[in-house]
Amino acid sequence: PNFRDPENPPHWVGMEAWAAAICFNTVEAAKLGLPKPNSWFDLLDPKFKGRIAFSDPAASGTGYFHVSAWIQLFGEEKAWKFMDDLHRNVAVYEPSGTRPCRHAATGEYPVGISYELAGVIEKNRNAPIEILLMKEGGGWDMDTAAILKGTDKLDAAKKLMDFAASRKANELYAKWVTQVAI
């Protein structure tokens with residue numbers, strides 16, 4: 001039910017979703033004596049200085065998604081203070097949402113602020129990482145499909161939507177993402 005418009009018939013349907021996560025390299029963290037974070041605020045510990053890769057919110061949708069979520073979770077004043085403090089520990093801002101997790105997977109930076117799907121991909125490649133969801137929650141995003149009003153090919157659009165919302169399509173989506181509608 002959370003993956004569809006509540007109207008009947010729905011105006012849109014969700015296909016897959018992903019959530020904010022930290023990719024945490026357990027091998028490198030152990031070498032450096034870094035504690036496993038459970039809270040976004042744990043990343044403010046000076047032990048993490050120069051050890052965090054993050055997405056540039058001006059260049060990456062994932063980076064923006066984190067900033068937006070922190071503002072919604074913490075309120076504007078607390079979120080901006082959090083981000084100012086986090087900035088002191090960030091070693092690199094990447095123009096990519098997946099690259100921080102890839103850095104964690106290789107051990108270049110033991111912490112990558114990313115999303116859980118990027119972590120699953122790296123973990124499936126045998127990277128020594130844990131995918132951590134923070135106790136405060138985090139951002140999430142969903143890919144959706146809809147028929148645009150006035151489309152010239154309504155019958156074809158309906159067929160595509162019927163497929164996009166089907167069990168068969170969800171089984172295909174599940175090969176690539178961890179959260180699907182069915």
Does a side-chain heavy-atom distance below 4.5 Å link [X] with [Y]?
{"X": "T26", "Y": "I129", "result": "no"}
{"X": "I71", "Y": "M83", "result": "yes"}
{"X": "W40", "Y": "I22", "result": "yes"}

Can you measure from [atom1] ([X]) to [atom2] ([Y]) and round to the nearest 0.5 angstrom?
{"X": "E28", "Y": "H103", "atom1": "CD", "atom2": "NE2", "value": "14.0 Å"}
{"X": "H11", "Y": "K149", "atom1": "NE2", "atom2": "NZ", "value": "9.0 Å"}
{"X": "K123", "Y": "I121", "atom1": "NZ", "atom2": "CD1", "value": "14.0 Å"}
{"X": "R51", "Y": "N25", "atom1": "CZ", "atom2": "CG", "value": "12.0 Å"}
{"X": "E116", "Y": "C23", "atom1": "CD", "atom2": "SG", "value": "9.5 Å"}
{"X": "N170", "Y": "K175", "atom1": "CG", "atom2": "NZ", "value": "13.0 Å"}

Where [X] and [Y] come nearest, the two heavy atoms and their spacing:
{"X": "A69", "Y": "G138", "value": "CB-C, 4.0 Å"}
{"X": "A29", "Y": "P110", "value": "N-CB, 4.3 Å"}
{"X": "T144", "Y": "G14", "value": "CG2-CA, 3.9 Å"}
{"X": "A118", "Y": "T98", "value": "CB-CG2, 4.1 Å"}
{"X": "M161", "Y": "A146", "value": "SD-N, 3.6 Å"}
{"X": "F65", "Y": "D141", "value": "CE1-N, 3.8 Å"}

Quick check on the hydrophobic clustering: are [X] and [Y] connected, directly or via other members, by side-chain heavy-atom contacts under 4.5 Å?
{"X": "I113", "Y": "M134", "answer": "yes"}
{"X": "L160", "Y": "V13", "answer": "no"}
{"X": "F24", "Y": "V27", "answer": "no"}
{"X": "L86", "Y": "Y109", "answer": "no"}
{"X": "W12", "Y": "I182", "answer": "no"}

Can you say whether the rings of [X] and [Y] are parallel (under 30°), tilted (30 to 60°) or perpendicular (over 60°)?
{"X": "W18", "Y": "Y115", "result": "tilted"}
{"X": "F74", "Y": "F41", "result": "tilted"}
{"X": "F54", "Y": "W70", "result": "tilted"}

For the backbone of [Y] and the side chain of [X], can you confirm whether one donor and one acceptor N or O come within less than 3.5 Å of each other?
{"X": "Y93", "Y": "P57", "result": "no"}
{"X": "S60", "Y": "P95", "result": "no"}
{"X": "H66", "Y": "S114", "result": "yes"}
{"X": "E122", "Y": "C101", "result": "no"}
{"X": "D45", "Y": "D42", "result": "no"}

Subject >> Result of checking L132, V90, L43 against V111 for side-chain contact (heavy atoms from CB on, under 4.5 Å) >> reply: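 By the side-chain contact (heavy atoms from CB on, under 4.5 Å) criterion, V111 pairs with just one of L132, V90, L43: L43.
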
Subject >> Note: E171-K168 ion pair, threshold 4.0 Å (strictly below) >> reply: no

Original post:
Got a salt bridge between D155 and K159, using NZ or NE/NH1/NH2 to carboxylate O under 4.0 Å?
Top reply: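 No, this pair does not count.
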
